[in-house]
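Structure in structure tokens, see below.
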Amino acid sequence: MLTNSRTRHTRALVTGGAGFLGSHLIDRLIERGHEVICVDNLFTGDKRNVEHLRHEARFEFLRHDVCFPLYVEADVIYNLACPASPVHYQHDPVQTTKTSVLGAINMLGLAKRLKAPIFQASTSEVYGDPAVHPQVEEYWGNVNPIGIRSCYDEGKRCAETLFFDYHRQHGLDIKVARIFNTYGPRMNAGDGRVVSNFIVQALRGEDITIYGDGQQTRSFCYVDDLVAGFLSFMDAGPDIHGPINIGNPNEFTIRELAEKVLSKVGGSSRLIEQPLPQDDPMQRQPDITVARQQLGWQPKVELDEGLDRTIAYFRQAIAA
Ligand code: NAD
Ligand code: UDP
Ligand code: UDP
């Protein structure tokens, strides 16, 4: 039976559910007793991320591209579908914008028909190369509309616009989270993002590729903390719509990250510099005051501990 009670949603739809974040979210939803429909076109996702749920009666996988309409029944929707690594979202930039924009329209249309709350995985990229540091939700950002990152940044910004217009125009219960750099087990070894790249390079004894001089910063959140933040947001009252920054405010230079990974993994890798990609943001750190106050949420896992867990995962994944 379907129910619309906020804390007892029985059926959740998770788009991008076979990806890194989506698969962890699904694990927590199943643990909470929900049914889950995982919708994914497997562009960057992998069925192996949800393989352990194959015999779980409350889990269902649906291969589908969110750029096309979807008619299913659910109590709550988590919209995560979109490649997140610059390498992948720049591979087919038109498809990236379509996924963000058409995907948002279709999932919002679905939420409207079902009168279901809907969560959007937005991103710190809406702040672009930020002139305000740390980034607060009120900051409108500094985004190049025509650069190589724009398909992702502007797609996500347009999705936020759609979410807030469906809220104002149609009264939808929206939850817009701005996610900052997150890492952990089930990142794809070939994903291209910095944490997985550095760990995989160190484990293979390859050169560790620092783009630019490595003085740019990022703030890294462990996946379990992030997913706890998603659930706190969805559990929060119907008056809380965001946007809310979800991330870990501890900021590191990329060179510091490389040195930390190398010292943990050991081995003979060298740190080498490669050209900095166009429009690569120079600094990024979330201000999470709103998440602390409105959701009672803050991250718990320090980078050292999260890296240890992630390195242990990749040791096995690479050996397999
Ligand atoms: P991921 O690439 O591992 O997962 C994305 C999933 O979406 C994949 O399974 C992919 O196959 C699927 N997908 C892509 N296009 C689709 C389409 N058209 N239809 C259906 N499925 C599609 O990335 P992730 O790190 O798990 O990111 C999940 C979400 O969180 C994304 O929306 C991303 O923008 C957002 N986000 C992630 C981070 C991060 O650091 N991980 C930071 C900011 C925002
Ligand atoms: N949609 C969907 N599933 C639904 C309802 C709608 O995929 O259950 C899609 C459909 O493609 C539609 C879009 O969501 O065009 C937006 O729906 P909305 O009701 O906002 O607008 P419409 O285009 O139907 O006027
Ligand atoms: N980066 C790097 N080496 C790599 C991959 C990424 O130095 O092998 C840098 C990248 O230039 C950026 C930061 O690490 O400054 C984070 O990159 P990522 O692709 O993980 O995410 P972004 O925050 O840029 O979307």
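These numbers were taken from a predicted model, which means no experiment stands behind them. In each ligand, atom 1 is the first atom listed, and ligand 1 is the first ligand listed.
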Item checked: Proximity to ligand 1 by part of Asp46, non-hydrogen separation under 4.0 Å ->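 Neither part.
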Item checked: Atoms of ligand 2 close to Ile105 [distance to a heavy atom under 4.0 angstrom, numbered from 1] ->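 Once the distances to Ile105 are compared, the set is 13 (C), 14 (O), 16 (C).
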Notebook entry, point to check: So, do Tyr183 and Tyr222 have ring centers that fall under 6.0 Å from each other?
Noted result: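 Ring centroids of Tyr183 and Tyr222 are less than 6.0 Å from each other.
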Check: Ion pair present between Asp235 and Arg32, side-chain N to carboxylate O less than 4.0 angstrom?
Finding: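 Answer for the salt bridge query: yes.
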Note to self: Can you report which non-hydrogen protein atom sits closest to atom 8 (O) of ligand 3, along with the distance?
What the structure shows: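 Closest protein heavy atom to atom 8 (O) of ligand 3: Asn197 ND2, 2.8 Å.
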Note to self: Against ligand 1, does Thr15 come closer than 4.0 Å with any heavy atom?
What the structure shows: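 The answer is no: ligand 1 sits nowhere under 4.0 Å from a heavy atom of Thr15.
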Item checked: Val39 N/O under 3.5 Å from ligand 1 N/O ->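 Such a contact does not occur with ligand 1.
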Notebook entry, point to check: Mind checking whether Arg178 has a heavy atom under 4.0 Å from ligand 1?
Noted result: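 No.
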Next item on the list: Could you check atom 22 (P) of ligand 3 against the protein and tell me its nearest heavy-atom contact, residue, atom and distance included?
Entry: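 So the nearest neighbour among protein heavy atoms is Arg149 NH2, 3.5 Å.
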Next item on the list: Assess His64 for proximity to ligand 1: is some non-hydrogen atom of it under 4.0 Å away?
Entry: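 Yes, His64 has a heavy atom closer than 4.0 Å to ligand 1.
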Checklist line | Backbone or side-chain N or O of Ser122 under 3.5 Å from ligand 1 N or O | finding: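 No, Ser122 has no N/O under 3.5 Å of an N/O on ligand 1.
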Margin query: For ligand 1, which is the ligand I care about here, please tell me if Lys156 has any N or O atom under 3.5 Å from one of the ligand's N or O atoms.
Written below: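 The answer is yes, given that Lys156 and ligand 1 share an N or O pair closer than 3.5 Å.
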Margin query: Heavy atoms only, cut-off 4.0 Å: how does Glu125 contact ligand 3, side chain, backbone, both, or neither?
Written below: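 Glu125 to ligand 3: side-chain contact only, backbone stays beyond 4.0 Å.
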Notebook entry, point to check: Does Tyr152 have a non-hydrogen atom less than 4.0 Å from ligand 1?
Noted result: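 A heavy atom of Tyr152 does come that close to ligand 1.
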Next item on the list: Mark the output for Tyr166 as yes if a heavy-atom distance to ligand 2 is under 4.0 Å, and as no if none is.
Entry: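 It does, in that a heavy atom of Tyr166 comes within the 4.0 Å cut-off of ligand 2.
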Next item on the list: Write out the residue and atom name of the closest protein heavy atom to atom 20 (O) of ligand 3, then the distance separating them to 0.1 Å.
Entry: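 Protein heavy atom with the smallest distance to atom 20 (O) of ligand 3: Val194 N, 2.8 Å.
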Checklist line | Minimum-distance protein heavy atom relative to atom 7 (O) of ligand 3 | finding: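 Looking at atom 7 (O) of ligand 3, the protein heavy atom closest to it is Tyr211 N, 2.8 Å.
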Next item on the list: Answer yes or no: is there an ion pair linking Lys264 with Asp308, defined by an N-O contact shorter than 4.0 Å?
Entry: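 A salt bridge links Lys264 with Asp308.
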Next item on the list: Assess Gly103 for proximity to ligand 1: is some non-hydrogen atom of it under 4.0 Å away?
Entry: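 For ligand 1, residue contact (heavy atoms, under 4.0 Å) with Gly103 is absent.
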Check: Going by the atom numbers of ligand 2, which of them fall below 4.0 Å from some non-hydrogen atom of Arg113?
Finding: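 It comes down to these atoms of ligand 2: 4 (C), 8 (O).
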Check: Quick one: which of Asn181, Leu276, Thr209, Asp153 has a heavy atom closest to atom 3 (N) of ligand 3?
Finding: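 Ranked by closest heavy atom to atom 3 (N) of ligand 3, first place is Thr209.
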Item checked: Check ion pair Arg157-Glu160 (N to O, under 4.0 angstrom) ->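 Between Glu160 and Arg157 there is no salt bridge, as every charged N stays at least 4.0 Å from the carboxylate O atoms.
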Item checked: Lys/Arg N to Asp/Glu carboxylate O, Arg309 vs Asp304, below 4.0 Å ->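 Looking at Arg309 and Asp304, the cut-off is not met.
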Notebook entry, point to check: With only distance considered, is Arg193 within less than 3.5 Å of ligand 3 through an N or O on each side?
Noted result: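 It does not: no N or O of Arg193 is found under 3.5 Å from an N or O of ligand 3.
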Next item on the list: State whether the shortest distance between N or O atoms of Phe20 and N or O atoms of ligand 1 falls below 3.5 angstrom.
Entry: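 In this structure, Phe20 places an N or O atom under 3.5 Å from an N or O of ligand 1.
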Next item on the list: Compute the shortest N/O to N/O distance between Pro69 and ligand 2 and return yes if it is under 3.5 Å, no if not.
Entry: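 In this structure, Pro69 places no N or O atom under 3.5 Å from an N or O of ligand 2.
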Note to self: Test of understanding: given a 4.0 Å heavy-atom threshold, classify the contact between Lys112 and ligand 2 as side chain, backbone, both, or neither.
What the structure shows: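 Under 4.0 Å from ligand 2, Lys112 contributes side-chain atoms alone.
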Margin query: Suppose we measure from atom 5 (C) of ligand 1 to each protein heavy atom; which comes out shortest, and what is that distance?
Written below: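 Scanning the protein heavy atoms, the shortest distance from atom 5 (C) of ligand 1 goes to Cys82 O, 3.2 Å.
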Notebook entry, point to check: Nearest protein heavy atom to atom 16 (C) of ligand 3, by residue and atom, and its distance?
Noted result: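 Of every protein heavy atom, Arg218 NE, 3.6 Å lies nearest to atom 16 (C) of ligand 3.
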Check: Looking only at non-hydrogen atoms, which of Leu21, Thr182, Val66, Leu70 approaches atom 26 (O) of ligand 1 most closely?
Finding: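 When every heavy atom of Leu21, Thr182, Val66, Leu70 is considered, Leu21 comes closest to atom 26 (O) of ligand 1.
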Margin query: If you count every heavy atom of other residues, nucleotides or ligands that lies below 6.0 Å from His91 atom NE2, does the total exceed 12?
Written below: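 Count not over threshold, so no.
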Check: Measuring from Ser85:OG to Asp191:CG, what's the distance to the nearest 0.5 Å?
Finding: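 It comes to 4.5 Å.
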Check: So is Gln201 polar-close to ligand 3, meaning N/O to N/O under 3.5 Å?
Finding: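 Such a contact does not occur with ligand 3.
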Checklist line | Approximate separation, where rounding is to 0.5 Å, of Asn248 CG and Asn181 CG | finding: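 Between atom CG of Asn248 and atom CG of Asn181 there are 11.0 Å.
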Check: Just distances here: any N/O of Gly192 and N/O of ligand 3 closer than 3.5 Å?
Finding: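 N/O-N/O distance under 3.5 Å: no.
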Notebook entry, point to check: At under 4.0 Å between heavy atoms, which part of Ile179 makes contact with ligand 1: side chain, backbone, both or neither?
Noted result: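 Both backbone and side chain.
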Check: Considering only the protein, which heavy-atom contact is closest to atom 10 (C) of ligand 3, and what is its distance?
Finding: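 Result for atom 10 (C) of ligand 3: Asp280 OD2, 3.4 Å.
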Checklist line | Presence of salt bridge, Arg149 and Glu125, under 4.0 angstrom | finding: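 Salt bridge present between Glu125 and Arg149.
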Note to self: With a 4.0 Å cut-off on heavy atoms, is Ser100 in contact with ligand 1?
What the structure shows: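 False for this residue.
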Check: What do we get for Tyr183 next to ligand 1 when only non-hydrogen atoms under 4.0 Å count, side chain, backbone, both or neither?
Finding: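 For Tyr183, there is no contact with ligand 1 at all, from either part.
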Margin query: Out of Arg193, Met187, Gln120, who is nearest to atom 25 (O) of ligand 1 when you count heavy atoms only?
Written below: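 That would be Arg193.
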Item checked: Of the listed options Ala159, Ala84, Gly192, closest to atom 27 (O) of ligand 1 (non-hydrogen atoms) ->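 That would be Ala84.
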Note to self: Which residue and atom name correspond to the protein heavy atom nearest atom 13 (C) of ligand 3, and how close is it?
What the structure shows: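 The closest one turns out to be Ile254 CD1, 3.6 Å.
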Note to self: In this structure, does ligand 1 have an atom that sits under 4.0 Å from one of the heavy atoms of Glu125?
What the structure shows: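 The answer is no: ligand 1 sits nowhere under 4.0 Å from a heavy atom of Glu125.
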